[in-house]
Amino acid sequence: MADASKETPLKAVQIEALVVMKIIKHSSQSFPTTATGFLVGMEASGTLQVTNSFPFPTVDAPASDGHQDSSSNLAAAAPRAKSNVAYQNEMIKYLREVNVDANNVGWYTSTSMGNFVNVNTIENQFFYQKELNEKTVALVHDVSRSSQGSLSLRAYRLSPSFVAAYKEGKFTTDSLQKSGLRYQDILVELPLTIHNSHLLTSLLHQLPADAPKEELAFPPNLAALQQDPNTPNPPLYPNFDSLDLSIDPFLEKSCDLLLESIENHHTELNNHQYYQRSLAREQAKITAWQQKRKAENAARAASKQAALPEDEWQRLFKLPQEPSRLETLLNSRQVEQYARQVDGFAAGVSTKMFAVRSNLMPGE
Amino acid sequence: MADKDSFLHLARPLGPAPVGAQPSTAPLGVVIQPQAIFSILDHSLRRPADQERVIGTLLGTRSEDGTEIEIRNCYAVPHTETAEQVEVDMDYQKQMLALHLRANPREVLVGWYATSSDLNTFSALIQNFYAGGQQGDGTWPHPAVHLTVSTVPGQDIESRTYISAPIGVTAERAADSCLFIPVPHEIKYGEAEKSGLELISSAKDREDRSQPIITDLEALERSVQQVLDMLERVSNYVNNVLDEEAQPSSALGQFLMNALSLAPKVDPADIERDFNNHIQDVLLVSYLANTIRTQIDLSNRLATAALTLGTGDALTGEGGEKREGGDNNRQKGDRRGGKGRQQRAQEA
């Protein structure tokens, strides 16, 4: 990452097991509403250590069903809401008293099916990366993908070039050409590792995770076997949920989301075309006006009168504003996200399907 | 922590109750969510060097009849303890409780924790504070739960849960005495937490105690490997029984028979058909997603590349035309996406 700051740029994110659990709990509790919260920790030689987190208060939106959209919007915008900044400062003040690393290192959000690349996320992260502390990350926890198997938790930052462009607030075709910003460059993903404390490691070793290795006495009958206290619970690791063979719900949802993105893209393109047309119309009008004025001036010059000014058109006509291309960029990034997700899914599920087939087919 | 003690539920003596409130003497069970324990351990690591134990408040939910308490969350409360006296920052506790309740309105105060297994006079004092009903900030009329988690390095982490009952002492000693009654507890995790715990516990055998996020495919590989190992173990045993080297067990045999009979009996043709249908679905959607991605990429490039071709009025016409081209591509993508959807709908 070409970070221009003098100190070492962030290279990796390391989060405590505690934070993982807190984020999972908060996200799954408030699912399907977006859950957001605050991360504290510290930064050491390029690695951002996230050591604690706390959730933001729920937004007191009117809980009527008709306003689902607005309330989920409010929830997604929570990290930069004014009341939450106060909440977060107060919380940090108290956490400092019990020796928690009280530095802001970012925020987290929950999502479903990777559907997180939108204006809200960008604005939140911009808010954090600019106003509070340059070295902040956004942790994105995908609730629905985590429930299908392995944990889906990612760390993202905005790229410096995007931040620069966003600061100017200009996403016109011209500015994009100049800066060479592409949708792939909006978010930078940082590698994420999970870290356990010594005490936690000790605790994990106490929890039974593996089948007993020593010889056990034989159960006298089937019922005794099933109630045997020595029968281990399914171990935490590896997680056999990832052997689950459900295909259709995921594909269906992915298709829906992709279609939605396409529609968004289409709307944006239509906006742009509308802009192009009106721009062309205005320009045609201006040219006509200029030619008329020129003819008029020629006539006046012939009759020895003073020429009329030729740049009055700037006052008379107004060129339309070019719509921002930000939405298109984000949408493209979102589609890329979906495509990657589907690829990953296809890889896993086709493996499982071949396994099942060869298992059930006789004579193979 | 894994050992299961047996428990005898005692009807505990009740304190003086004002009229109208009916404290219950029903047996009580405590369920602890792993994140609460994690949080306590973290707090223990961050304790001041001169302090033996640290305390904090437990938050959670109670079942309607009050017989099951689920500890979901907790936070640290600063306190100082010397041989003569204990000081708990009450103000801190109240402020923090208010902050936590704003974020989690459904959770209530259920008790407190300490990071040492000792129960002493100070424990009783704090317990009476958390259970007290007079100021309206305790758990009364429900019993307050006291959770102790021992954090002695090099030893197993032991956790115990207690509730308290008043004991008959003189009035001046009543504030710092109570009877701690052990209650059973267990650590439970939900479906949602499983994937997180999986990753956390996969780091337990590593020297650096850390674990990068694994991809779905890696997780799958590990699971398959584990299943293969287990199958190997079972088939080894069965072979040994057949060779009369291991002792047979009818119960195990029965269990294996039951498990094997779960294998579905399906026609090979059906399998072949279903397999082909599904694999085509998967590959089609994957193909479509990537096509859409390429189309959008192309459309973006065309939109920003068009203007480099010229200046002035020619620019607008050129740009418009190019964008039109981009749009055609989009239309195509859209139509393909639509087709994909129709196909999905037919199968559903």
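FYI, side chains are in, hydrogens and waters are out, and symmetry mates aren't considered; it's all heavy atoms of this structure. Numbered from 1 within each chain, the chains take letters A, B, ... in sequence-line order.
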Could you check which of [options] has the highest count of heavy-atom pairs closer than 4.5 Å to chain B?
options: A:Leu200, A:Val143, A:Ile23, A:Leu153; result: A:Leu200
options: A:Leu329, A:Leu192, A:Asn196, A:Val98; result: A:Asn196
options: A:Gln341, A:Lys22, A:His141, A:Arg154; result: A:Lys22
options: A:Phe250, A:Tyr338, A:Tyr87; result: A:Tyr87
options: A:Ala355, A:Ala17, A:Ser350, A:Ala346; result: A:Ala17
options: A:Thr201, A:Thr193, A:Val335; result: A:Thr193

Contact summary for B:Gln95 and A:Glu90, nearest pair of heavy atoms: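 Scanning both residues completely, I find the closest heavy atoms to be OE1-OE2, 4.2 Å.
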At a heavy-atom separation under 4.5 Å, does [X] approach chain B through its side chain, its backbone, both, or neither?
X: A:Pro55; answer: both
X: A:Leu258; answer: side chain
X: A:Leu95; answer: both
X: A:Thr351; answer: side chain
X: A:Phe54; answer: neither
X: A:His198; answer: both
X: A:Val20; answer: side chain

Which bit of [X] comes within less than 4.5 Å of chain A, counting heavy atoms only: side chain, backbone, both or neither?
X: B:Pro78; result: both
X: B:Gln225; result: neither
X: B:Asp297; result: both

Are the side chain of A:His265 and the backbone N or O of A:Ser261 linked by a donor-acceptor pair below 3.5 Å?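 Here the side-chain-to-backbone pair does not exist.
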Looking at A:His195, is its backbone amide N or carbonyl O close enough to the side chain of A:Gln14 to form a donor-acceptor pair, meaning the two atoms are under 3.5 Å apart?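 Judged by distance alone, no pair lies under 3.5 Å.
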Worked verdict on A:Glu336 versus A:Arg340 for salt bridge (charged side-chain N to carboxylate O under 4.0 Å, His left out): CA-CA 6 Å; A:Glu336 193 195 3; A:Arg340 292 263 155 83; 3.2 Å; yes
Would you call B:Glu107-A:Lys25 a salt bridge at under 4.0 Å N-O?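 A salt bridge is present here (some side-chain N lies under 4.0 Å from a carboxylate O).
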Can you find a heavy atom in the side chain of A:Phe56 that is under 4.5 Å from one in the side chain of A:Gln88?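 A side-chain contact under 4.5 Å exists here.
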Would you say the ring centroid of B:Phe275 lies under 6.0 angstrom from that of A:Phe354?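 Yes, close enough.
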CG/B:Leu45 to CD/A:Glu16 distance, rounded to the nearest 0.5 angstrom?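 Nearest 0.5 Å value for the CG-CD distance: 8.5 Å.
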Test of understanding: with side chain to side chain donor-acceptor pair (under 3.5 Å), list the residues that count as partners of A:Asp343, not counting sequence neighbours.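 Result, side chain to side chain donor-acceptor pair (under 3.5 Å) vs A:Asp343: B:Ser286, B:Asn290.
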According to side chain to side chain donor-acceptor pair (under 3.5 Å), who are the partners of B:Arg47, at least two apart in sequence or on a separate chain?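 Scan of B:Arg47 (side chain to side chain donor-acceptor pair (under 3.5 Å), adjacent residues dropped) gives B:Ser44.
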In terms of heavy-atom pairs under 4.5 Å with chain A, which of B:Leu99, B:Val54, B:Leu41, B:Val282 leads?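 Among B:Leu99, B:Val54, B:Leu41, B:Val282, the one with the most close pairs to chain A is B:Leu99.
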Donor-acceptor side-chain pairing of A:Gln337 and A:Arg333 below 3.5 angstrom: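 A pair is found: one side chain offers a donor N or O, the other an acceptor, under 3.5 Å apart.
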